[in-house]
Amino acid sequence: MSDCSYTRVTFFSGENVPLEMHKARMVQRVHLIPIKERFEVLNRTGNNTFLLPNRDVFLDMLTDSGVNAMSEAQYAAMLMADDSYAGSETFYRLEKTIRDFFGLEYFLPAHQGRACENILASTYVTPQTPTVITNYHFTTTKAHIMLRGGQVLEAISDAGLMTESDLPFKGNYDLDKFDALVKQAGGPAKIAFVRIEAGTNLIGGQPVSLDNMRQVSAYCRKNGLRLVYDASLLADNLFFIKTREKECQNRPLADLVKEIASLMDIIYFSGRKLGCARGGGICAANKVEYLRLRDLVPLYEGFLTYGGMSVREMEAMAVGIRETLDIHNISQTPLFVEALGKELEALNVPVVTPYGGLGCHVDASRFVPHIPQVEYPAAALCSAIYLVSGVRGMERGTLSESRNPDGSEHLSNMELVRLAIPKRVFTHSQIKFAADRIGWLYRNRSLIGGLTFEDEPKTLRFFLGRLKPIGDWQERLMAKYLGDMPSGL
Ligand code: F0G
């Protein structure tokens, strides 16, 4: 039942509840530790949710990367893997699956998405072609381009950066801006590649429409520009194309994927997201591009028939990619993001709208407007959310940016806390719990203060940086919480 025209099951009562289209047959115990312990853990781990041990986390909403629940068919396939360094049957099965899925001829395996970005940036970003144009950057993508002396220009429309909106495709290219950026870069000859990111991560998992992709592709073909598609978040984007883009509502998902792929020269993805496994890969439409990219795979990743992945992960990824064509599979994250968004909005908590894929994004600029951007409002809110709920989110704001060359802060366009919804992992009551505690925090938001660095790494500082609260706001927040919830849970 992969390409049915309906995408959600409605309740006769009219209540809007995301219905799980799976049942749990294996579970993991999670622990909700009291606030005093959470306070200690937070300060031991530099107020950085990346550094929290999972044993101290109740709901891990850091990311969906590599933590989506896998299906029984994926686990079954892992037992059948053919373990060989060279020429394993497993690789050929994966290669065939990817060829059938995208309709592109050539496939190169890599150990994860950023490994693909390394290969693409190493190949195409040169002193003669230093520029990459994208709808919006992703952290690791930009870091690889910058590492090679390149620059990233963004063609997202101004409306895409508004956190409150009813635009269905906020990840879309602004085509006039795109044309102006091509000229600003010095023309097509100076451009390494043009990139479209599906389900635009850093602006709240916002999709790109098929129609917009067609237009960007037509421009690239007319002007001899190489078009690269980051399909890591394709599953969510596909759901939104199917449900929000009128002409696509009756088209099979397989057909939509093939049309998207036909518009691109190169597609790469993180298999930690697409395919709900671990790993990644690059697909190319023609042999010339394939051969340019190919030689770096054995150098950085591993032999061409595994590229740094275990055979078990390759088997799981192949099945997971095929399952992307089931509407009731790809609907789960968007419907649960919507459920969390609605619960939060009912408690007046500002969230990014329309609800996107990947996770529910709380707007820290509106939640804690009293915290200046140089004191990392989104990171402060992220630590406060953990403190009052045991929920681990991820900062997506100024902390996730790199400093300017002169050492000043590069202030982010948005200050967001992402509450990721890995596929099929959380129940509806867990979603309601998260919303309840964040709603409490919103009522007490004036108590939240900023953060400052104790230890700031030079590259991708958000991963390993350690921060401390400015003043004693966390003690005061904890005291208020214990007044309202004496158990501390
Ligand atoms: N592109 C996008 C759009 C991503 O979201 C990610 C990863 C990557 C590339 C890199 O892939 O992790 O396999 O190396 N996003 C993760 C996240 C880290 O949490 O959103 P990777």
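Basis for what follows: all heavy atoms, side chains included, without hydrogens, waters or symmetry-related copies. Counting convention: from 1, in listed order, for ligands and their atoms alike.
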When you compare ligand 1 with Arg396, is there at least one nitrogen or oxygen pair between them that comes in under 3.5 angstrom? no
Looking at atom 12 (O) of ligand 1, what's its closest protein heavy atom, distance included? Arg114 NH2, 2.8 Å
For a quick check under 3.5 Å, do Glu415 and Ser365 share a side-chain donor-acceptor pair by atom type? no
Please list the nearest protein heavy atom to atom 8 (C) of ligand 1 with its residue and the distance rounded to 0.1 Å. Phe138 CE2, 3.6 Å
With atoms numbered from 1 as shown, which atoms in ligand 1 lie under 4.0 angstrom from a non-hydrogen atom of Thr63? 17 (C), 19 (O)
Check this for me: does any side-chain nitrogen of one of Asp230 and Arg195 sit under 4.0 Å from a carboxylate oxygen of the other? yes
For atom 3 (C) of ligand 1, the protein heavy atom that lies nearest, with its residue and separation: Asp230 OD2, 3.3 Å
Looking at Lys177 and Glu154, is any side-chain nitrogen of the basic one under 4.0 Å from a carboxylate oxygen of the acidic one? no
Applying a heavy-atom cut-off of 4.0 Å, say which part of Arg418 lies close to ligand 1: side chain, backbone, both or neither. side chain
Going by the atom numbers of ligand 1, which of them fall below 4.0 Å from some non-hydrogen atom of Met394? 19 (O)
Under 3.5 Å between any N/O of Ser270 and any N/O of ligand 1: does that happen in this structure? yes
Determine, for Phe453 and Arg466, whether the Lys NZ or Arg CZ falls below 6.0 Å from the six-membered ring centre while staying within 45 degrees of the axis. no
Hey, does Arg195 come in under 3.5 Å of ligand 1, counting only N/O atoms on both sides? no
Can you measure from CG (Leu104) to CG (Asn286) and round to the nearest 0.5 angstrom? 10.0 Å
Relative to Phe462, does Arg396 satisfy both conditions: NZ or CZ under 6.0 angstrom from the six-membered ring centre, and within 45 degrees of the ring's axis? yes
How far is atom 15 (N) of ligand 1 from its nearest protein heavy atom, and which residue and atom name does that atom have? Lys273 CE, 3.1 Å
Any nitrogen or oxygen of Asn201 lying under 3.5 Å from a nitrogen or oxygen in ligand 1? Just yes or no. yes
Atoms of ligand 1, numbered as shown, that sit under 4.0 Å from any heavy atom of Glu117: 1 (N), 9 (C)
Can you name the one residue among Ile267, Leu234, Asp255 that meets side-chain contact (heavy atoms from CB on, under 4.5 Å) with Ile260? Leu234
Counting N and O atoms only, with roles assigned by atom type, does the side chain of Thr353 sit under 3.5 Å from a partner on the main chain of Tyr355, one being a donor and the other an acceptor? no
Going by the atom numbers of ligand 1, which of them fall below 4.0 Å from some non-hydrogen atom of Ser232? 1 (N), 2 (C), 9 (C)
What I want to check is whether the side chains of Glu117 and Tyr268 have a donor and an acceptor closer together than 3.5 Å. yes
Quick check: Leu233 and ligand 1, any N/O pair under 3.5 Å apart? no
Atoms of ligand 1 under 4.0 Å from any heavy atom of Thr140, numbered from 1 in the order shown, are 10 (C)
Checking Tyr219 against Asp179: is there a side-chain donor and acceptor pair closer than 3.5 Å? yes
Could you list the atoms of ligand 1 found under 4.0 angstrom from a heavy atom of Arg272? 13 (O)
